[in-house]
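Some notes on the structure that comes next.
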There are 2 protein chains.
Amino acid sequence: MLSKVKAYLIKHDVKPSIQRIAVMNYLFNNRTHPTVDEIFSALSPNMPTLSKTTVYSTLKLLAEKGAILQLTIDEKNVRYDACIDPHAHFICLGCGCVHDVAPIYLDKVHMEKYKNLNIIETQVYYKGYCDECLDNMEGKVKESAEPDSHLKQLNS
Amino acid sequence: MLSKVKAYLIKHDVKPSIQRIAVMNYLFNNRTHPTVDEIFSALSPNMPTLSKTTVYSTLKLLAEKGAILQLTIDEKNVRYDACIDPHAHFICLGCGCVHDVAPIYLDKVHMEKYKNLNIIETQVYYKGYCDECLDNMEGKVKESAEPDSHLKQLNS
DNA sequence: TTGTTACTTTGTAATCATTTCAGTTTTGAA
DNA sequence: TTCAAAACTGAAATGATTACAAAGTAACAA
């Protein structure tokens, strides 16, 4: 079962230590874009000797090797994503949850124009309020929470 | 001269104090996406009583009111941008410089699909190496600095 | 003008995510 | 088995950001 994770690490030029397998496996099974703390807290009970420093260094290594994505959509905490296929992210300004938002394709003509920029990674972040939070607001705070001046939709 | 800045603040429902005008004016004149520290260090000499806390709270207020943009493209520091028109950002993984990358238009069909997400802000971040850094590399480290596994271009 | 009230600014202290580092353990090749 | 390199650990340091209480300022009515 974990041999798949092991193979994945090796494929990405990461030596598969117990700790690295545990972190990578957690990310495969938890697509909630967890923070370092969440990952550490989840693994710690079953791995009492695990150090948070190791979680930090492992995530850094995995991101460097392209095995995972590092998201800065949340100003408070860096989040990690095992899905490295092209897709965008949505964060709810109410509850802070982060969702995948399916593959995004940027305008071909536009991308052509910036070929010379040597882009090796693209991040698309959407910020707004999820359905659940909107329901909880029920019009009362909604207005003040969404000032027009915040509207910056980039669709043509 | 500063009355324009003043009017801009009032337009965005921000009371124009001396400090707020100074911060906003700095952002208007410095389109380098400065960090809190850069803004504070630049203003401090001419405003010896200015507190860094004030710079923090002012930037937070301005962003909340939609007068400026808050960028999390740089993992180290939050950066601020006086230009609130739709545009994307590029950060150089070598020197850390941040450039504007002209307006980006996301695929219309795609956006239609996510109308229900109540998106009120969109951020598009590109990461790569600027020309200057590429020149300095001259092929030697270039290879190791750009592993294929990092390639995640989102253009179709 | 004076008094009152709310808002803003200031500086210090606290917080919290992240990094550094030195010592220890593990791994893997000879 | 031995040994050097790599990985892990935990404590301490760092550095950005926030909390907070006190001082200053603006608005405005009496």
Side-chain angles (χ1 to χ4, degrees), chain A residues 2 5-6 9-10 12-26 33-65 67-68 70-80 91 96 98 144, chain B residues 2 5-6 9-10 12-26 33-65 67-68 70-80 91 96 98 144:
Chain A
L2 289 182
V5 180
K6 223 167 163 173
L9 291 179
I10 291 167
H12 286 89
D13 192 29
V14 174
K15 277 193 197 166
S17 70
I18 309 285
Q19 293 85 353
R20 288 167 181 175
I21 292 171
V23 169
M24 193 66 240
N25 187 54
Y26 180 82
H33 313 90
T35 63
V36 174
D37 216 65
E38 283 164 358
I39 297 168
F40 175 74
S41 299
L43 297 179
S44 192
N46 294 323
M47 268 184 109
T49 66
L50 181 66
S51 162
K52 195 178 273 188
T53 302
T54 302
V55 178
Y56 270 103
S57 67
T58 298
L59 291 168
K60 188 181 176 184
L61 179 68
L62 290 173
E64 275 169 10
K65 295 297 188 177
I68 63 175
Q70 198 181 40
L71 309 181
T72 57
I73 193 172
D74 179 354
E75 292 144 42
K76 301 281 175 197
N77 299 90
V78 177
R79 293 171 173 275
Y80 293 91
I91 189 169
V98 177
S144 65
Chain B
L2 289 182
V5 180
K6 223 167 164 174
L9 292 178
I10 291 167
H12 286 89
D13 193 28
V14 173
K15 275 194 198 165
S17 69
I18 309 285
Q19 293 86 349
R20 288 167 181 174
I21 291 171
V23 169
M24 193 65 241
N25 187 55
Y26 181 82
H33 314 90
T35 64
V36 174
D37 215 64
E38 283 165 356
I39 297 168
F40 175 74
S41 299
L43 297 179
S44 192
N46 294 323
M47 267 185 109
T49 67
L50 181 65
S51 162
K52 195 179 274 189
T53 302
T54 302
V55 178
Y56 270 102
S57 67
T58 298
L59 290 168
K60 189 181 176 185
L61 179 69
L62 291 173
E64 275 170 9
K65 295 297 188 178
I68 63 175
Q70 198 180 42
L71 309 181
T72 57
I73 192 172
D74 179 354
E75 293 144 42
K76 300 283 174 196
N77 298 89
V78 177
R79 292 171 173 277
Y80 293 90
I91 188 169
V98 176
S144 66

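A note on names: the letters A, B, ... follow the listed sequences, proteins ahead of strands, and every chain is numbered from 1.
Ile21(A) has its CD1 atom 13 Å from the C1' atom of dA7(D), to the nearest Å. Protein atom CE of Met47(B) is 12 Å distant from nucleotide atom C1' of dT8(C), rounded to whole Å. Note: CG (Leu61(B)) to P (dT18(D)) measures 13 Å, nearest angstrom. Across the protein-nucleic acid pair, Lys52(B) atom NZ and dT10(C) atom P stand 14 Å apart, rounded to whole Å. Spacing between atom CZ of Phe40(A) and atom C1' of dG10(D) amounts to 10 Å, rounded to whole angstrom units. If you take CD of Gln70(B) and P of dT18(D), they are 9 Å apart, rounded to a whole angstrom. Tyr56(A) places its OH atom 7 Å from the P atom of dA17(C), with the value rounded to the nearest Å. When rounded to the nearest whole Å, the span between NZ of Lys60(B) and C1' of dA16(D) equals 14 Å.
In this structure, Asp37(A) and Val55(A) have side chains that are not in contact, with every pair of non-hydrogen atoms separated by 4.5 Å or more. Proximity of Ile68(A) to Met24(A): side-chain heavy atoms (C-beta onward) are separated by under 4.5 Å at one or more points.
Heavy atoms of Thr49(B) sit under 4.0 angstrom from primed sugar atoms or phosphate atoms, though from no base atom. Residue-level contact check: Asn77(A) touches the backbone only, with heavy atoms under 4.0 Å from sugar-phosphate atoms and none from bases. Thr54(B) comes within 4.0 angstrom of a nucleotide base, judged by non-hydrogen atoms across all strands.
For Thr53(A), counting side-chain heavy atoms from C-beta on, the closest listed nucleotide (dG10(D), dT18(C), dG11(C)) is dG10(D).
Using modelled atom types, one side-chain atom of Arg79(B) and one backbone atom of His33(B) make a donor-acceptor pair closer than 3.5 Å. Using modelled atom types, one side-chain atom of Thr58(A) and one backbone atom of Thr54(A) make a donor-acceptor pair closer than 3.5 Å. Thr72(A) places a side-chain N or O within donor-acceptor distance of the main-chain N or O of Thr72(B), the cut-off being under 3.5 Å.
Proximity of Ser17(A) to the phosphate of dA7(D): no side-chain N or O atom is located under 4.0 Å from OP1 or OP2. The phosphate of dT10(C) (OP1 or OP2) has a side-chain N or O of Gln19(B) nearer than 4.0 angstrom. Residue Lys76(A) places no side-chain N or O under 4.0 Å from the OP1 or OP2 atom of dT17(D).
Both Lys15(B) and Leu50(B) sit near DNA chain C, but only Lys15(B) has its closest nucleotide nearer the 5' end.
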